[in-house]
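Here the structure is laid out as structure tokens; the discussion comes afterwards.
Residue numbering restarts at 1 for every chain, and letters A, B, ... go by the order of the sequence lines.
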Amino acid sequence: MQPFRPRDYSNQLVIKPRLPSIPWIFDLPPETTIASHPPHDHIEEHLHDHFYHLHIRYGFEFPPQSLDAIDSTALEVVMMIKVEHRVDCNPVFVDRREGPEGVCLKLAGQDVHWVHNDETAAKYTELFAQSGREVPEGYYFSGFRTSDMDERNVWRYDRTTLQAAIGQGLRADQHFQATWKEPRDEPIEPYEVVIGLGDDTTDYFTFFRLPIVVPLGAD
Amino acid sequence: MGTRREAGDIRDVVRIDEEWRPDGPAKNSIVEVRQGDGARVARYLSWIGYGDLDDAEADEPRVWELVEPAEPYDARADWRPFN
């Protein structure tokens, strides 16, 4: 019998899911990861405020890490949503402004942007399947990688940029809004969303579930 | 932002830069203006930017023409947002 050896993460980009830590951005209260909203006035950075939309939000943490094995990498995220829906990513928020607006994390001097990426969606669908889980019928993983400011091409952050941002640890909130692919004047019933996080260079990945109501004990 | 042309069916994709609600589209929304029989009909798309046009062009090569940078667009159309 082999002795248990904890996996060596020194060559990985480690990211941990957390509860969101910045309430009231986009009018979402604390301890809320999923919320359905009707159309409303525009809020800066909001993508689908003129439609019925489903807010999807989590917190995340990059713990302190060396990053020595990484020259550059693009961050990845996938969300398991209904096939009738599309989802789009906001920048990463690190604080709240006046009212329902957020303060965006700057990496290499610019907000974090995301672009839809089918390769990422396929990768995490396979990783999910390798763990014995299947994407239920009627759902799919929508995949994204970090992008240039035009949200058209994948953007990789170099080690120096990541080191400067992560330092002794970085905790932030990520928001998304899902809406009908074919616009409908119809509310979206809230549902649980499975999230996958990782990057396109290292092997590290993590899946977690955003519940409609966060249970006691969640952190 | 772009135009789709196929067998006489012409659809312009336009980003709205003024608030027209409740009688028209929201500021920052993207709409499709379909031309035919001398009339224009506009409806919402769920798109958010040129990345969606890139995807549409990849799915349907040769029928899309992207307008970059975007040009002013002024047209009267029948507004059927969820048609």
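- For A:R86, the part lying under 4.5 angstrom from a heavy atom of chain B is the side chain only.
- Electrostatic pairing of B:D17 and B:K27 does not count as a salt bridge here, judged by no charged N lying under 4.0 Å from a carboxylate O.
- For A:D200 and A:R156, the salt-bridge test passes: some basic side-chain N is under 4.0 Å from an acidic carboxylate O.
- The aromatic ring centroids of A:F144 and A:Y124 lie 6.0 Å or more from each other.
- With a 4.5 Å cut-off on non-hydrogen atoms, B:L45 touches chain A through its backbone but not through its side chain.
- Across A:H48, A:H40, A:H46, a single residue satisfies ring pair (Phe, Tyr, Trp, His ring centres under 6.0 Å) together with A:H55, and that is A:H46.
- Counting heavy-atom pairs under 4.5 Å between each of A:R184, A:H116, A:E151 and chain B puts A:R184 at the top.
- Here B:S29 is the residue among B:S29, B:P81, B:A26, B:G49 with the most heavy-atom pairs under 4.5 Å with chain A.
- Proximity to chain B (any heavy atom under 4.5 Å) is restricted, for A:D88, to the side chain, taken from C-beta onward.
- Contact check for A:F93 versus A:R57: no side-chain heavy atoms found under the 4.5 Å cut-off.
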